[in-house]
Amino acid sequence: MKRIPSWLTYTVLRLLVFAVPLAVLLLLGVVWWASVIAAALIGLCLSYIFLSRPRNAVSTDLYAARHRDKPATSADDDDEDAAIDASNAPASDAGADTDADGRGSRSA
């Protein structure tokens, strides 16, 4: 079974920490804009206190992704590199009749 990415876990928890207080405040009849501001502040405080472990996991994953020894490549990257190499390959005898300045060697 695949492990759930740490960024997804942290994002869902942050949304819950905001949505639950917002729902409670709206059910209590607080004005919607005051509920949003209060829920944002409550969510910020709760996530700072209780979500340090998922936040550290996300930052560790981001650091590891940015500081790889070898960059990650895909099959598409390899295909693009092969196409560029093929287009930059010298032509076998297409330029045989040109001189140093790129003009043909025919005489007038």
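Basis for what follows: all heavy atoms, side chains included, without hydrogens, waters or symmetry-related copies.
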Legend entry - Under 3.5 Å donor-acceptor, Arg55 side chain and Ser47 backbone: yes
Legend entry - Cluster link Phe50 to Leu13, ILVMFWY, side chain under 4.5 Å: yes
Inset, instruction - Establish whether Leu8 and Leu62 are linked, either directly or via other cluster members, by ILVMFWY side-chain heavy-atom contacts under 4.5 Å. - result: yes
Legend entry - same_hphob_cluster(Val12, Leu15) at 4.5 Å side-chain heavy-atom cutoff: no
Inset, instruction - Could you grab the distance from atom CG of Leu16 to atom CG of Leu51, nearest 0.5 Å is fine? - result: 9.5 Å
Legend entry - Cluster link Val58 to Ile4, ILVMFWY, side chain under 4.5 Å: yes
Can I get a per-line list of side-chain donor-acceptor pairs under 3.5 Å for residues 19-41, giving both atom names and the distance, sequence neighbours left out?
unit_1 : atom_1 : unit_2 : atom_2 : d
Ser35  : OG     : Val30  : O      : 3.3
Ser35  : OG     : Val31  : O      : 3.0

